[in-house]
Amino acid sequence: VIDVLIVGGGPVGLATAIEARLAGLTAVVLEPRHGPIDKACGEGLMPGALPLLARLGVDPAGMPLAGISYRDGRRCADHRFSSGPGRGVRRTTLHAALAARAAALGVETLVVRVGEFEQGPDSVAADGMRARWLIGADGLHSSVRRRVGLERSARAPRRFGLRRHFALAPWSDRIEVHWGRSAEAYVTPVAPDLVSVCVLGPARTDFDSAIAGMPALAERLAGVDAGPLAGAGALRQATTSVRAGRVLLVGDASGYVDAITGEGLRLGFEHAHAAIASIAGGPGYEAEWRRITRGFRVLTSTLVTAASGPARRAIVPTAVALPWLYGAAVERLAR
Ligand SMILES: Cc1cc2nc3c(=O)[nH]c(=O)nc-3n(C[C@H](O)[C@H](O)[C@H](O)COP(=O)(O)OP(=O)(O)OC[C@H]3O[C@@H](n4cnc5c(N)ncnc54)[C@H](O)[C@@H]3O)c2cc1C
């Protein structure tokens, strides 16, 4: 019997497998896609994500991120992280680093899309394997969450993300957030010759039209070689709980608010740690998950509500007029 069977080999599934091995547990990851896996993501690791990765023995290459800069056509609010930089990392680089570390620790990864599984009092069976615990790390549209009845319908607004890379030397060491009429563009340096541009907005947001509405950014990107478009959403996903018997949910599968604050990866690594600690006899996972995500749920929901209504126009002017407030919000994201 395996100790932990992990459904989904994205960054959080792999982090969970590494945590399991560090706790002396056996772990198998089931993932249908061959790595290194790419995904629509802003690719910004907030400063707080780096020590979490270092603890796992993972140090992916990338570009330092010194802070966050909010911009509209005329104004700019800037704040540098006081704790030191975060890092812009290509998803494929992050995935390869996590997968290599997991393999080195003896994690087995099988190319499988998990369908049905069966839960008994002492174990869970899936794809001919039996495990003491099953962890759903299968992302925003988690089928594990649905199968164990933990799905809850999410409140509006429904937002989506689109991402494309541009072959361009980064012009800033900040994450630039360009606020357009109904969508925002997040510009993250990820390599000395590559920037990631991620657009977040309501359904049917078109990447090129959104960028065209942000003249300063459009000018930078005009005529530059662009990679393929990747999309994700709806972003908001809600759960009734993150545990059903011997099944635990981690990462986006456990519920997600929005990418507007760029915290998904840090939170997912914290879920991975808390889930394995609870299996190993530590504090209960549900209470830990609520503690870990509380700030994210409150701040991100507030910002998304503001960004989706008439208050949207006031976001950059307020950040410029109240630098202490903007700085405090950025510092909270940096944690
Ligand atoms: C547009 C956008 C921008 C973002 N920007 C940032 C950012 O800048 N910084 C940040 O920290 N976070 C950001 N995020 C959030 C971040 O991308 C996620 O929080 C992170 O990818 C979650 O990782 P995960 O492993 O939980 O899920 P995923 O990365 O989605 O991985 C889930 C894995 O499960 C697999 N899977 C699915 N179904 C099954 C199945 N039935 N059986 C087996 N495997 C299955 C999938 O193939 C996939 O590999 C952003 C998200 C979006 C959408």
Side-chain angles (χ1 to χ4, degrees), residues 5-17 28-50 52-53 62 65 68 86-92 94-95 98-99 109-117 126-127 134-147 159-164 175 177 183-190 196-201 205 207 229-237 249-272 275 293 296 300 333-334:
L5 196 54
I6 297 157
V7 180
V12 180
L14 291 172
T16 308
V28 173
V29 174
L30 306 175
E31 164 61 53
R33 292 192 283 168
H34 289 274
I37 298 173
D38 205 355
K39 174 189 178 284
C41 180
E43 303 184 309
L45 289 172
M46 292 297 138
L50 295 175
L52 299 174
L53 278 175
L65 302 175
I68 303 181
R87 199 177 293 171
V89 178
R90 268 297 275 125
R91 283 290 292 223
T92 42
L94 177 63
H95 191 269
L98 285 161
T109 299
L110 304 175
V111 181
V112 171
R113 175 174 292 281
V114 176
E116 297 294 332
F117 55 87
D127 282 277
L134 184 140
I135 309 252
D138 51 342
L140 279 182
H141 306 290
S142 170
S143 65
V144 172
R145 179 177 71 211
R146 198 174 56 247
R147 280 179 212 283
R159 302 214 320 151
F160 295 78
L162 299 162
R163 198 251 358 241
R164 181 167 252 174
I175 300 171
V177 185
E184 314 91 65
Y186 296 73
V187 184
T188 311
V190 291
S196 169
V197 179
C198 175
V199 168
L200 300 180
T205 295
F207 188 93
L229 191 63
L235 300 176
R236 196 185 279 257
Q237 301 289 334
L249 301 176
V250 294
D252 288 4
S254 68
Y256 191 67
V257 181
D258 199 277
I260 201 164
T261 47
E263 293 173 283
L265 290 163
R266 174 182 63 76
L267 290 166
F269 299 146
E270 290 197 51
H271 300 160
T293 55
F296 169 66
T300 308
L333 301 184

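Read the numbers this way: they start at 1 and go in the same order the structure lists the ligands and their atoms. All figures in this text were calculated on a predicted structure; none of them were measured in a lab. If you read the sequence from its start, that first residue is 1, and numbering goes on from there.
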Rounded distance (nearest 0.5 Å) linking atom CZ of Phe117 with atom CG of Leu30: 11.5 Å
Rounded to the nearest 0.5 Å, the CZ atom of Phe160 sits from the CG atom of Leu200 at a distance of 11.5 Å
With heavy atoms of Gly251 as the reference, note each atom of ligand 1 found under 4.0 Å away. 26 (O)
Tell me, which protein residue and heavy-atom name are nearest atom 9 (N) of ligand 1, and how many Å apart are they? Gly44 O, 2.8 Å
Number the atoms of ligand 1 from 1 as they appear, then name those within less than 4.0 Å of a heavy atom of Gly8, with their elements. 34 (O), 35 (C), 43 (C), 44 (N)
Return the residue, atom name and 0.1 Å-rounded distance of the protein heavy atom closest to atom 45 (C) of ligand 1. Pro32 CD, 3.6 Å
Could you check whether any side-chain heavy atom of Val257 comes within less than 4.5 Å of a side-chain heavy atom of Phe296, counting everything from C-beta outward? yes
In ligand 1, the atoms that come under 4.0 Å of a heavy atom of Glu43 are 7 (C), 8 (O)
Are any side-chain N or O atoms of Arg163 and backbone N or O atoms of Lys39, one a donor and one an acceptor, separated by less than 3.5 Å? yes
of all protein heavy atoms, closest to atom 14 (N) of ligand 1 is Tyr256 OH, 3.5 Å
Would a distance-only check, ignoring hydrogens and angles, find a side-chain to backbone donor-acceptor pair under 3.5 Å from His141 to Ala253? no
Counting distance only, does the side-chain N/O of Glu43 pair as donor-acceptor with the main-chain N or O of Arg91 below 3.5 Å? yes
Identify the closest protein heavy atom to atom 41 (N) of ligand 1: which residue and atom is it, and at what distance? Val114 O, 3.0 Å
Just which atoms of ligand 1 are under 4.0 Å from any heavy atom in Val12? 23 (O), 24 (P), 25 (O), 26 (O)
Which protein heavy atom lies closest to atom 32 (C) of ligand 1, and at what distance to 0.1 Å? Ala137 O, 3.5 Å
Which of the ligand 1 atoms, numbered from 1, are nearer than 4.0 Å to a heavy atom of Gly262: 7 (C), 9 (N), 10 (C), 11 (O)
When distances are taken from atom 4 (C) of ligand 1, the protein heavy atom at minimum range is Gly42 N, 3.1 Å
If you compare all heavy atoms of Ser142 against all heavy atoms of Asp138, which two are closest, and at what distance to 0.1 Å? OG-OD1, 2.6 Å
Heavy-atom contact under 4.0 Å between Arg163 and ligand 1? no
Nearest protein heavy atom to atom 47 (O) of ligand 1, by residue and atom, and its distance? Glu31 OE2, 2.8 Å
Pick one of side chain, backbone, both or neither for how Glu263 approaches ligand 1, counting any non-hydrogen atom pair under 4.0 Å. backbone
Spacing of Arg33 atom CZ and His95 atom NE2 [to the nearest 0.5 Å]: 8.0 Å
For the pair Arg147 (side chain) and Gly115 (backbone), establish whether a donor and an acceptor sit closer than 3.5 Å, ignoring hydrogens and angles. yes
For the side chain of Thr261 and the backbone of Thr300, is there at least one donor-acceptor N/O pair under 3.5 Å apart? no
Heavy atoms of Ala259 and Leu235 approach each other most closely as N-CD1, 4.0 Å
Determine the minimum heavy-atom distance between Gly13 and Ala137, stating which atoms define it. CA-CB, 3.6 Å
Does ligand 1 have a heavy atom under 4.0 Å from the side chain of Lys39, from its backbone, from both, or from neither? side chain
Tell me which one of Asp252, Ile175, Val89 gets a heavy atom nearest to atom 22 (C) of ligand 1. Asp252
Under 4.0 Å from one or more heavy atoms of Leu200, ligand 1 contributes atoms 1 (C)
Among protein heavy atoms, which sits nearest to atom 1 (C) of ligand 1, and what does the distance come to when rounded to 0.1 Å? Cys198 SG, 3.5 Å
d(Gln237 CD, Asp252 CG) to nearest 0.5 Å is 8.5 Å
Atom 37 (C) of ligand 1: of Val7, Asp38, Asp138, Leu45, the nearest heavy atom sits on Asp138
Considering all heavy atoms, the nearest Arg266-Ala49 contact: CB-CB, 4.0 Å
Of the side chain and backbone of Leu235, name the one, both, or neither that has a heavy atom under 4.0 Å from an atom of ligand 1. side chain
Give the atoms of ligand 1, by number and element, whose distance to some non-hydrogen atom of Val112 is under 4.0 Å. 43 (C)
Identify the two heavy atoms, one from Pro11 and one from Leu265, that lie closest to each other, and give their separation to 0.1 Å. CG-CD2, 3.6 Å
Which pair of non-hydrogen atoms, one from Thr16 and one from Ala272, has the smallest distance, and what is that distance? OG1-CB, 3.3 Å
Judged on heavy-atom distance to atom 27 (O) of ligand 1, which of Gly10, Gly88, Gly139 sits nearest? Gly139
Rounded distance [0.5 Å steps], CD1 in Ile6 versus CG in Leu14: 8.0 Å
Answer side chain, backbone, both or neither: which part of Ser143 comes under 4.0 Å from ligand 1, heavy atoms only. side chain
Given His271, Arg91, Arg266, which one has a non-hydrogen atom that is nearest to atom 20 (C) of ligand 1? Arg91
Between Arg113 and ligand 1, find which residue part has any heavy-atom pair under 4.0 Å and reply side chain, backbone, both or neither. both
Identify, by atom number and element, the atoms of ligand 1 in contact range of Ala259, meaning under 4.0 Å from any of its heavy atoms. 2 (C), 3 (C), 4 (C), 50 (C), 51 (C), 52 (C)
Where on Cys41 is there a heavy atom closer than 4.0 Å to ligand 1, on the side chain, on the backbone, on both, or on neither? both
Relative to ligand 1, is Arg159 under 4.0 angstrom through side chain, backbone, both or neither, heavy atoms considered? neither
Applying a strict 4.0 Å limit to heavy atoms, is Gly268 in contact with ligand 1? no
